[in-house]
2 protein chains.
Amino acid sequence: MTTLKDVAKKAGLSITQTSRALNDHSDVSAATRERVKEIALTLQYRPNLSARKLVSGRSGLVGLVVPRTKDLASDGLFIEVVSGLSTEFSLRDMQFVLHVTQPEEPIIPVYKRLVGNGAIDGFVLIDPREDDRRAAFLSKAKVPFVVHGRIGPNPKHAYFDIDNEKIFRGITRHLSALGHRRIVLLNGIEDRTYAEARSCGYRHALVDSRIDPSEAIIRSGAMTESFGLISTVDLFSGPEPRPTAIICGSVRIAKGVYQALNALGLSIPRDVSVFAHDDHIAQIQTEAFYPALSVTDAPMRDSWKPLAACLEGAISGAPLSELQVVGPYRTILRQSTAAPCQ
Amino acid sequence: MTTLKDVAKKAGLSITQTSRALNDHSDVSAATRERVKEIALTLQYRPNLSARKLVSGRSGLVGLVVPRTKDLASDGLFIEVVSGLSTEFSLRDMQFVLHVTQPEEPIIPVYKRLVGNGAIDGFVLIDPREDDRRAAFLSKAKVPFVVHGRIGPNPKHAYFDIDNEKIFRGITRHLSALGHRRIVLLNGIEDRTYAEARSCGYRHALVDSRIDPSEAIIRSGAMTESFGLISTVDLFSGPEPRPTAIICGSVRIAKGVYQALNALGLSIPRDVSVFAHDDHIAQIQTEAFYPALSVTDAPMRDSWKPLAACLEGAISGAPLSELQVVGPYRTILRQSTAAPCQ
DNA sequence: CTGTTAGCGCTTTCAA
DNA sequence: TTGAAAGCGCTAACAG
């Protein structure tokens with residue numbers, strides 16, 4: 001293995017100066033820098049990460065801890081997150097350490113161990129909760145981390161998120177502007193931050209549209225077809241008056257909703273309008289819905305690059321303002337939404 | 001962060017002796033060892049991996065490099081491998097570095113980079129080819145690795161594998177013993193080592209059963225329902241005489257075969273016997289096939305533990321004989337196989 | 001059984 | 001613009 005010493009020897013320089021040249025320090029002549037880099041390339045020099053870590057405190061290692069649950073495999077999310085992040089970190093010459101816990105293993109000790117070893121520069125936190133213990137622990141331990149989503153109303157951490165509140169406020173407003181008043185929100189699992197933001201946006205829009213907040217109809221559940229199907233059947237076999245519009249937290253939920261409405265003999269959008277948010281993690285084409293599904297569109301695969309960038313920034317001590325990024329989305333109106341009948 | 005120095009100070013010992021105590025060296029009094037370990041525990045001491053690596057050459061980091069292909073996500077294998085290995089290495093206090101390459105990125109430079117950095121102790125190689133460039137590179141670079149499967153007839157590397165040749169020889173013999181002579185093998189992708197071993201076992205069994213090797217019927221393809229379906233339709237719309245038994249490389253293939261046979265109006269096992277190898281990575285219950293599917297059963301999820309163990313052994317320089325493990329399998333005869341009714 | 005000394009490969013003062 | 005020297009935290013000779 002080529003070391004700095006080898007490069008220095010070949011360059012006829014001291015190790016110190018060689019290191020400086022390679023790391024683009026200002027006090028190196030351009031000529032020297034070029035020459036040294038050339039030699040390093042020829043010799044296939046790669047800085048030893050452990051040595052660098054020891055002195056600089058950086059190892060270039062970042063971690064993701066995923067609890068092992070039985071639905072890990074079926075959930076398309078895991079693979080998306082893992083392969084996306086791995087790819088992005090590779091591009092940045094960082095190593096991506098993946099830790100899948102034991103089924104019932106408490107998660108904080110895992111972080112403790114990983115942090116204690118001192119090998120990992122920072123973490124990516126996915127699937128944040130309103131009251132997230134991982135974030136609390138890492139903050140206290142002063143270990144950099146980036147959250148996929150936001151924790152709390154005024155977060156002090158690095159994050160990449162989409163504006164869930166705005167998105168769902170927009171969807172709800174759109175439907176109410178069409179004339180809908182009994183609008184259902186089939187939301188995600190309750191204590192997830194994104195679900196909270198979404199229901200918040202939904203409620204705000206109701207108020208904006210002078211619909212009494214007590215008329216809010218929210219169901220919480222996993223992002224599955226079953227949830228969409230069961231909720232829909234339940235809602236439309238309940239007491240009159242029936243809802244006229246359904247907002248789905250995901251396309252997968254929408255799939256279940258379509259099935260249920262179809263089974264109930266209800267027509268989209270004549271009897272019921274359906275709107276969904278599409279993060280593209282279900283391998284489902286929304287154009288292929290019949291009638292084509294109206295969606296807000298924000299591919300989750302676009303998250304991994306900014307997440308990696310934010311974590312890199314957090315590790316190198318960039319100001320928080322640069323590390324809090326909210327991604328874009330598009331609204332795509334198709335055939336599943338219309339004014340309610342009569 | 002607690003360092004060895006802190007522990008030593010508290011124990012009133014030298015750093016050296018403390019290190020020895022913690023690492024279970026022989027020349028430490030039992031009392032001291034106990035006491036030191038106690039203190040380390042209290043202080044939540046965790047050895048700094050980078051420091052250890054620097055001096056001992058071990059970092060506790062192991063790597064897996066996965067090429068990013070479009071079917072990464074749909075293929076249940078990726079998630080199984082990644083979560084399985086991650087879990088097993090966590091248990092051994094090793095860190096699992098996952099590297100997903102760019103779509104068309106050549107893979108050897110990735111290993112070169114990872115190895116050059118000197119941070120990774122060893123690699124797991126999955127999906128080996130007959131002529132595997134990764135293995136060749138790592139061997140030459142003298143970097144420990146373990147293969148999921150075997151490369152070549154007399155491998156010099158650590159591996160965990162099942163006895164594919166024996167398994168498929170057994171299946172074929174079983175069918176020929178029932179009286180079948182026109183037996184199809186729907187094998188995996190051609191240049192994969194396991195597929196080669198399987199076709200080898202199949203051919204041997206033909207010879208054993210005095211069936212002319214020229215009567216071998218082998219199709220190669222991906223482990224998909226489509227492959228099973230298309231192959232079956234093709235075979236049974238070809239010229240007489242038709243096959244009477246089909247051996248499937250995976251349960252997923254068998255699924256396609258069942259569909260095709262059903263569509264062709266052929267009955268299992270009256271017209272055609274079907275046998276499959278079940279590695280449990282398709283989320284498919286073989287009992288739920290109708291008629292229930294006869295299988296050889298060797299869950300792939302049982303591979304991760306021995307793979308991790310072998311890699312750990314390879315890194316610590318255990319003799320090769322201990323690092324070459326062949327896992328067990330069971331034969332489960334159900335209703336999909338019977339004597340042919342001529 | 002225990003301590004002293006050296007050094008892994010690198011970055012960073014400090015001095016020239 | 002450059003080099004010498006110190007030290008990150010740990011392990012492994014080498015003495016006692």
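Keep in mind that what you see is a predicted model, and the values were worked out from it rather than measured. In what follows, chains carry the letters A, B, and so on, assigned in the order in which the sequence lines appear, proteins first and then strands, with residues in each chain numbered from 1. The basis for the numbers below is simple: all heavy atoms, side chains too, and nothing from hydrogens, waters or symmetry mates.
The shortest distance between side-chain heavy atoms of A:Val62 and A:Gln95 does not fall below 4.5 Å.
B:Gln17 has its CD atom 21 Å from the P atom of D:dG9, to the nearest Å. Here the C1' atom of nucleotide D:dG7 and the CD1 atom of A:Ile15 are 14 Å apart, to the nearest Å. Rounded to a whole Å, the CG atom of B:Leu22 is 13 Å from the P atom of D:dA12.
More than 12 heavy atoms of other residues, nucleotides or ligands shown are found within 6.0 angstrom of CZ on A:Arg113.
Looking at residues 113-121 of chain A, you'll see that no heavy atom sits under 4.0 Å from any atom of DNA chain D. Listed by residue number, A:Leu54, A:Val55 are the residues of residues 33-63 of chain A with a heavy-atom contact under 4.0 Å to DNA chain D. Contacts of residues 23-30 of chain B with DNA chain D (heavy atom under 4.0 Å): B:Asn23, B:His25.
At C:dC8, none of the side-chain N or O atoms of A:Thr3 fall inside 4.0 Å of OP1 or OP2 (strictly under the cut-off).
Taking the six-membered ring where tryptophan is involved, the planes of A:Phe123 and A:Tyr111 are perpendicular, since the angle between them exceeds 60° and thus also 30°. Ring pair A:Phe89/A:Phe96 is parallel by interplanar angle, where below 30° counts as parallel and above 60° as perpendicular.
Checking D:dG3, C:dC10, C:dT5 against every side-chain atom of A:Arg20, the shortest atom distance belongs to D:dG3. Here the nucleotide nearest the side chain of B:Thr16, chosen from D:dC10, C:dT5, C:dT2, is C:dT5.
To the nearest 0.5 Å, the span separating CG on B:Leu125 from CZ on B:Arg129 amounts to 10.5 Å.
If you check the side chains of B:His157 and B:Ser139, you find no donor sitting under 3.5 Å from an acceptor.
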